[in-house]
Amino acid sequence: MTKDQFIRSFAEVNGVSIKAAREQVNAVLDHVLYVVPQLSDGEKLDFTGIVSFKVKDVAARTVRNPKTGEEVKKEATRKVNASVKATLKNAVKA
């Protein structure tokens, strides 16, 4: 399902126009994109029963290029992990 298909389904289920549905869905997704990067190490954004997003700081380290064997320094970074929750997993299984 594409985002556009999701918006059309959202509009139909909630009895709103496609334009209103698009605005509402985009507002939620934009806010997720605003909030998640601001989370501290270990904090998470949790949509109970559906998904949670957790941010983790990854320290700088030395890695090895498997092709050449050369050691390369990798800078510290942050990563986000999305974890699907049981309610959604069970809905898919049903």
Side-chain angles (χ1 to χ4, degrees):
M1 175 178 279
T2 66
K3 181 179 172 185
D4 191 55
Q5 291 169 327
F6 177 80
I7 289 170
R8 290 176 187 280
S9 172
F10 181 89
E12 184 178 322
V13 168
N14 291 289
V16 297
S17 70
I18 293 174
K19 181 180 178 183
R22 180 172 284 110
E23 290 171 357
Q24 293 170 1
V25 169
N26 284 337
V28 170
L29 295 177
D30 288 346
H31 196 66
V32 169
L33 290 173
Y34 170 77
V35 170
V36 171
Q38 295 182 24
L39 297 175
S40 298
D41 184 30
E43 281 189 315
K44 64 183 177 178
L45 171 61
D46 191 12
F47 291 103
T48 305
I50 300 173
V51 66
S52 70
F53 300 97
K54 186 175 182 179
V55 174
K56 182 177 180 182
D57 292 330
V58 180
R61 61 191 189 279
T62 302
V63 296
R64 188 176 304 276
N65 180 332
K67 200 170 196 177
T68 64
E70 175 187 6
E71 287 189 353
V72 179
K73 291 186 181 188
K74 189 167 183 181
E75 295 180 13
T77 188
R78 301 178 79 208
K79 69 177 189 173
V80 63
N81 181 18
S83 176
V84 177
K85 299 298 183 176
T87 305
L88 182 58
K89 287 180 184 178
N90 292 337
V92 171
K93 289 180 184 177

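Position 1 is the first residue of the sequence; numbering continues from there.
- A distance of 9.0 Å separates OG1 of T77 from CZ of R61, quoted to the nearest 0.5 Å.
- S17 places a side-chain N or O within 3.5 Å of a backbone atom of A20 that can act as its donor or acceptor partner.
- Atom CG in D41 sits 7.5 Å away from atom NZ in K56 (nearest 0.5 Å).
- In the hydrophobic clustering of this structure, V36 groups with Y34; members are Ile, Leu, Val, Met, Phe, Trp, Tyr whose side-chain heavy atoms approach within less than 4.5 Å, directly or through other members.
- Residue I50 is grouped with residue L45 when hydrophobic side chains (ILVMFWY) are merged at heavy-atom distances under 4.5 angstrom, including chains of intermediate members.
- Within 6.0 Å of the CD atom in E43, the count of heavy atoms belonging to other residues, nucleotides or ligands exceeds 12.
- Atom CD of residue E70 and atom CZ of residue R64 lie 10.0 Å apart, to the nearest 0.5 angstrom.
- Membership of the apolar cluster around V25 extends to M1, F6, I7, F10, I18, L29, as traced through chained side-chain contacts below 4.5 Å between ILVMFWY residues.
- In this structure, D46 has no side chain to side chain donor-acceptor pair (under 3.5 Å) partners at least two apart in sequence or on a different chain.
- In the model, K44 has no side-chain atom that pairs as donor or acceptor with a side-chain atom of N81 under 3.5 Å.
- Rounded to the nearest 0.5 Å, atoms CG (L39) and NZ (K54) are 11.0 Å apart.
- Annotation: side chain of R78 is not in contact with side chain of V58 (no heavy-atom distance under 4.5 Å).
- For the pair F47 and V32, the minimum side-chain heavy-atom distance is below 4.5 Å.
- Listed by chain and residue number, nothing satisfies the salt bridge (charged side-chain N to carboxylate O under 4.0 Å, His left out) test with E75 (two or more places apart in sequence, or in another chain).
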